[in-house]
Amino acid sequence: MCYDIKTKVEAALKRARHYGNEEAVQMLIEKFRPFLEDEWFHVSGFQHPKLLIYTGDNSEMPLVASWGLIPFWVKNEQQQLDIWNKTINARGENIFEKPSFRTSARSKRCLVYIDGFFEHHHFAGSTYPYYIQRKDGEPITLGGLWDEWTNKETGEVVNSFTIVTTKANSLLKKIHNNPKLKESRMPLILDERQEEIWLKGTANDAKKLIVPAADGYLKAHTVRKLRGKNSVGNSPEAIEEFIYPELHSVLDLN
DNA sequence: CCAGACGTTGTT
DNA sequence: GTCTGG
DNA sequence: CCAGACGTTGTT
DNA sequence: GTCTGG
């Protein structure tokens with residue numbers, strides 16, 4: 001699964017820079033700056049941060065969306081608050097059937113650019129967070145779903161998104177070993193070719209992309225606690241390597 | 001028929 | 001052990 | 001997902 | 001909006 005990420009506006013703009021024009025990108029930065037954190041070293045989906053996502057509507061121009069998908073049929077603010085803690089991830093195997101996701105799975109798929117994500121390793125009754133990133137340090141593109149919801153109480157239109165998950169690859173299987181969970185999961189990671197299909201292809205084309213990332217291009221290291229009173233919050237320390245001696249003597253990721 | 005849910009994860 | 005809050 | 005609370009009473 | 005449970 002994927003509940004914790006590291007990202008920054010600069011990473012999200014990678015796509016706009018590559019496929020769009022620099023002038024438009026500069027205008028975007030100015031337009032979005034008031035609404036966005038420049039850099040999240042660690043942010044959880046439960047905080048529902050606003051991030052930049054890319055949609056099929058205009059695949060070079062990002063838009064601002066909150067993490068935690070609010071389906072278009074949500075009736076009121078109470079229902080919104082109830083549902084968006086449950087739609088931070090979307091199980092890839094079921095997105096075309098689940099009421100909360102199926103409309104978006106058919107016609108509102110999106111891309112989320114991040115620098116890395118976090119998963120917890122369980123050992124001897126404790127949890128140890130790992131930060132996972134590309135070996136080459138480039139942004140990771142995640143496959144997501146988005147929707148547009150109108151808050152009838154205020155008239156405000158809210159964009160929101162969820163991260164699609166799939167089975168873990170071998171690295172994530174080693175890390176993500178919660179004893180309560182039988183099968184480990186990881187976010188859907190797309191390469192450049194797959195990004196275009198995810199945004200513009202048919203539902204059937206998109207479905208075929210929902211598989212674990214190839215082995216060998218991600219790396220991971222342990223970091224400080226992400227949750228509870230000992231967490232460091234949104235600080236550069238969140239992604240720094242932090243050694244837990246009791247763990248490093250037993251877990252070999254290679 | 002209406003009311004209520006609509007999600008993720010997956011066991012010692 | 002299990003639920004809630006973040 | 002993990003961390004932390006999980007109760008009564010009644011007010012600084 | 002649509003399905004399920006009662």
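Values below: every heavy atom of this structure, side chains too, minus hydrogens, waters and symmetry copies. Protein chains get the first letters and strands the later ones, always in sequence-line order, with residue 1 at the start of each.
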What interatomic distance, in whole Å, is found between [atom1] of [M] and the corresponding atom of [N]?
N: B/dG4; M: D/dG10; atom1: C1'; answer: 37 Å
N: B/dG7; M: D/dC1; atom1: C1'; answer: 12 Å
N: B/dT8; M: C/dG6; atom1: P; answer: 23 Å
N: B/dC6; M: C/dT4; atom1: P; answer: 14 Å
N: E/dT2; M: B/dT9; atom1: C1'; answer: 25 Å

Remember a base hit wins even if backbone is also touched, and classify A/Ser44 as base, sugar-phosphate or nothing at under 4.0 Å, heavy atoms.
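Result for A/Ser44 = nothing.
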
Nearest to the side chain of [X], heavy atoms from C-beta on, is which of [options]?
X: A/Arg227; options: C/dG6, B/dT8, E/dG1; result: C/dG6
X: A/Asn85; options: D/dG4, C/dG6, D/dC1; result: C/dG6
X: A/Gln79; options: D/dA3, B/dC6, B/dT8; result: B/dC6
X: A/Met1; options: B/dG7, B/dT9, E/dG1; result: B/dT9
X: A/Lys86; options: B/dC6, B/dT8, D/dC2; result: B/dC6
X: A/Arg102; options: E/dC3, B/dT8, C/dG6; result: E/dC3
X: A/Arg91; options: B/dT8, B/dC6, D/dC1; result: B/dT8

Whole angstrom value for the distance that separates [atom2] of [N] from [atom1] of [X]:
X: A/Trp67; N: B/dT8; atom1: CH2; atom2: C1'; answer: 12 Å
X: A/Leu172; N: B/dT9; atom1: CG; atom2: P; answer: 13 Å
X: A/Lys167; N: B/dT9; atom1: NZ; atom2: P; answer: 12 Å
X: A/Asp147; N: B/dG7; atom1: CG; atom2: P; answer: 14 Å
X: A/Phe101; N: B/dT8; atom1: CZ; atom2: P; answer: 5 Å
X: A/Asn94; N: B/dC6; atom1: CG; atom2: P; answer: 14 Å
X: A/Lys229; N: D/dC2; atom1: NZ; atom2: C1'; answer: 13 Å
X: A/His48; N: D/dC1; atom1: NE2; atom2: P; answer: 16 Å

Looking only at side-chain N and O atoms, does A/Glu195 offer a donor or acceptor that is under 3.5 Å from a partner on A/Tyr113?
yes

Indicate, yes or no, whether a donor-acceptor pair under 3.5 Å links the base of E/dG1 to the side chain of A/Lys75.
yes

Distance under 6.0 Å and angle within 45° of the ring axis: does A/Arg15 meet both against A/Tyr19?
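Yes.
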
Could you check whether A/Phe46 and the base of D/dC1 form a stacked pair, meaning centres closer than 5.5 Å and planes differing by less than 30°?
yes

Salt bridge check: are A/Lys8 and A/Asp115 linked by an N-O gap of less than 4.0 Å?
yes

Ion pair check, A/Glu22 and A/Arg17, cut-off under 4.0 Å
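Judged by the 4.0 Å cut-off on N to carboxylate O distance, A/Glu22 and A/Arg17 do form a salt bridge.
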
Side-chain contact, heavy-atom cut-off 4.5 Å: A/Lys6 with A/Phe118?
yes

Do the non-hydrogen side-chain atoms of A/Arg224 and A/His42 ever get within less than 4.5 Å of each other?
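Not touching, per the 4.5 Å side-chain cut-off.
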
With both distances under 3.5 angstrom, what nucleotide forms a Watson-Crick or G-U wobble pair with D/dA5?
C/dT2

Determine: side-chain N/O of [X] to OP1/OP2 of [N], distance under 4.0 Å, yes or no.
X: A/His122; N: D/dC2; value: yes
X: A/Thr103; N: E/dG1; value: no
X: A/Ser231; N: D/dA3; value: no

Is the A/His120 to A/Tyr128 ring centre distance short of 6.0 Å?
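That pair fails the under 6.0 Å test.
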
